[in-house]
Amino acid sequence: MRSSGLTLDPSRLSRRAFLGGATGAVCASASLSSSASQGAPAAPQAPAQRWLASEDPTFAVGATAGDLTFVAQDAGGPGGLPSGAGPQAERTLENLRSALAAVGQSADDLVFLQVLLTDYAAAPEVGRLLRAAFPPNRSPTTCFVGVSSLGPDRAVRMDGIASTNRDRAPVVAEGVPLPLGATCHAIRVGELVFVGSVDAPEDVGTPSTIVLERMDAVLRAAGLGLKDSFRHWAFLRNMAAASVRDAYGRERTARLDPIFAPDEYPANSRIGSPALGVGVAQRSYAIATRGRRQYVESKFARRSPRVFAQSVRAGDWLFIAGQDAVDVAQQTLFVGDLRAQTEQCVRQLQFIMEAAGGTMDDIVKTTVYVLDGQDRSVFLDAYSEQFRRRLRSPWMPAGLTMTVDALCPDCLVEIDAVAWLGQR
């Protein structure tokens, strides 16, 4: 992170408040605006614990906007990494608590927790740890995903969403297996419903259909339905196989066509995971809303009717589908060039943000999927350079990278994003 000892024009500040990386701490735009308006440097900040050392300062530790906080952690910290997934998961939870405490929140405010594991055999142990870590009535819903890599010696990473909204209710759907480590299928906070993982077994012929039916059952338990979902994530085993990708697309279109107009499909990310647990072919999670939605598209980014929307605005939140190097003509650009594909992903994020009436400074959080075998340092350098040349505020978005085993054919990287378009 850059130093926050700056004089900043308050009109150029982002709408966000940030938790810094190795050299920063909690950095609230409101307090910086006050200092800047008086022509004085911002107040000194307490040092923050180093986190995600291999990715600092590419991402902020976390970001708060509206009533949501986005924060990711792994087991970095004093004394080096603990040995084994269980001890690393315990340290990761401690780091999450510390990061949330820095903005006056606690782990009990978490509503969704994605758990990334390089060895999925550790999932049951980590799931038991999560069950013990939260009171049953304050447990976040979850999604566990096997990944190829998280960086040097990292076995676990957790990516959380917390909310200060007290209008909160857990959702349990009868007959649907609970996500690992969770006591509920979904959590509603205000107008938004965060749906944890729903699975399809590999011994069924239509896994995507099963996933969407279970997702619909969870949303019906919340008084909504699949028609109210607007953002989907799908992790598929064996996604490198064209037959798996084709079946996923056919089943998804058949289930969603009766519900959504061609240009109003949920924004989507489709990722290949090396492991989702024994017998699991597909795992998905989603966000739905009780409120109104607006579909936002840029003519400079790929349009995919009856596949996914570029982005969806729900209230003051903008959720952007995974962006890769496929252009408006459905051609993959810069095949084999990770740096150039990263630059293309960021350009497309900018096009969509501008179509929504925002700027890159309004992006709160990104999630980055890098294909296994690529040089992550090349990605981190390109991503940082591309964002910083576009930002007016001194803070990078919160976020994290994960290495996965399949993306869209010939794509080496995919980036999705969440932006806040509310009042500054």
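As a basis for the values below, the full set of heavy atoms in this structure was taken, side chains included, without hydrogen atoms, waters or symmetry mates. All residue numbers refer to positions in the sequence shown, counting from 1.
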Check: Measuring from Q323:CD to L349:CG, what's the distance to the nearest 0.5 Å?
Finding: 5.5 Å
Note to self: Run L180 and L130 through side chain to side chain contact (heavy atoms under 4.5 Å, CB included) and show every step you take.
What the structure shows: CA-CA 9 Å; L180 182 62; L130 291 185; over 6 Å; no
Next item on the list: Verify the neighbour count for atom CZ of R168: are there more than 12 heavy atoms of other residues, nucleotides or ligands below 6.0 Å?
Entry: yes
Next item on the list: Only counting residues at least two apart or in another chain, list the ones meeting side chain to side chain contact (heavy atoms under 4.5 Å, CB included) with D410.
Entry: T332, V335
Margin query: Check this for me: D316, atom CG, are more than 12 non-hydrogen atoms of other residues, nucleotides or ligands nearer than 6.0 Å?
Written below: yes
Checklist line | Gap separating the CZ atom of R376 from the CE atom of M402, nearest 0.5 angstrom | finding: 11.0 Å
Notebook entry, point to check: Is a side-chain donor-acceptor pair under 3.5 Å present for D375 with S377?
Noted result: yes
Next item on the list: Would you check if the distance from the ring center of F59 to the ring center of Y383 is below 6.0 Å?
Entry: yes
Check: Nearest 0.5 Å, what's the CG-CZ distance between N165 and R188?
Finding: 8.0 Å
Item checked: Side chains of L256 and F308 in contact at under 4.5 Å (non-hydrogen atoms) -> no
Notebook entry, point to check: Can you pull the side chain to side chain donor-acceptor pair (under 3.5 Å) pairs that have at least one residue in residues 196-208, sequence neighbours excluded?
Noted result: D199-R283, E202-R237, S208-Q282
Margin query: Whether the Q88 and R91 side chains hold a donor-acceptor pair (N or O, under 3.5 Å, no angle test) is what I'd like checked.
Written below: no
Margin query: Rounded at 0.5 Å granularity, tell me how far CG in L68 sits from OG1 in T164.
Written below: 7.5 Å
Checklist line | salt bridge (charged side-chain N to carboxylate O under 4.0 Å, His left out) between D257 and R306, intermediate numbers included | finding: CA-CA 7 Å; D257 252 359; R306 300 181 71 216; 2.3 Å; yes
Next item on the list: Starting at CG of L338, measure out to SG of C345 and round the result to the nearest 0.5 Å.
Entry: 9.0 Å
Check: Can a salt bridge be assigned to the pair D216 and R220 using a cut-off of 4.0 Å between side-chain N and carboxylate O?
Finding: yes
Next item on the list: Go through the steps to decide whether R347 and Q344 satisfy the test side chain to side chain donor-acceptor pair (under 3.5 Å), and finish with yes or no.
Entry: CA-CA 5 Å; R347 278 193 291 271; Q344 180 67 18; 2.8 Å; yes
Next item on the list: Could you list the residues that satisfy side chain to side chain contact (heavy atoms under 4.5 Å, CB included) with P305, not counting sequence neighbours?
Entry: P262, D263, R303
Next item on the list: Could you walk me through whether D416 and T366 pass the side chain to side chain contact (heavy atoms under 4.5 Å, CB included) test, one step at a time?
Entry: CA-CA 6 Å; D416 61 40; T366 63; 5.8 Å; no
Next item on the list: Decide whether K227 and S229 meet the rule of one side-chain donor and one side-chain acceptor closer than 3.5 Å.
Entry: no
Check: Ignoring hydrogens and geometry, is there a side-chain-to-backbone donor-acceptor pair from H185 to R214 under 3.5 Å?
Finding: no
Item checked: Cationic N near anionic O, under 4.0 Å, E213 to R255 -> yes
Check: Just by modelled atom types, is the A340 backbone N or O under 3.5 Å from a matching donor or acceptor in the D337 side chain?
Finding: yes
Next item on the list: Establish, from distance only, whether the side-chain atoms of S149 and R154 form a donor-acceptor pair under 3.5 Å.
Entry: no
Next item on the list: Quick one: pull up OG1 in T69 and CD1 in I161 and give me the separation to the nearest 0.5 Å.
Entry: 10.5 Å
Margin query: With heavy-atom distances below 4.5 Å as the criterion, would you say the side chains of L93 and M158 are in contact?
Written below: yes
Check: So, for F194 and F112, is the gap between ring centers shorter than 6.0 Å?
Finding: no
Margin query: Please find the pair of heavy atoms, one from P57 and one from M396, that lie closest to each other, and give the distance.
Written below: O-CG, 4.0 Å
Margin query: Looking only at the side chains, is there a donor atom on one of D361 and S393 sitting less than 3.5 Å from an acceptor on the other?
Written below: yes
Next item on the list: Applying side chain to side chain contact (heavy atoms under 4.5 Å, CB included), run through L219 and V195 and close with a yes or a no.
Entry: CA-CA 8 Å; L219 288 169; V195 179; 3.7 Å; yes
Checklist line | Cation-pi, W317 ring and R313 (6.0 angstrom, 45 degrees) | finding: no
Check: When you look at L400 and V368, which way does the side chain to side chain contact (heavy atoms under 4.5 Å, CB included) test go after all the steps?
Finding: CA-CA 6 Å; L400 75 164; V368 179; over 6 Å; no
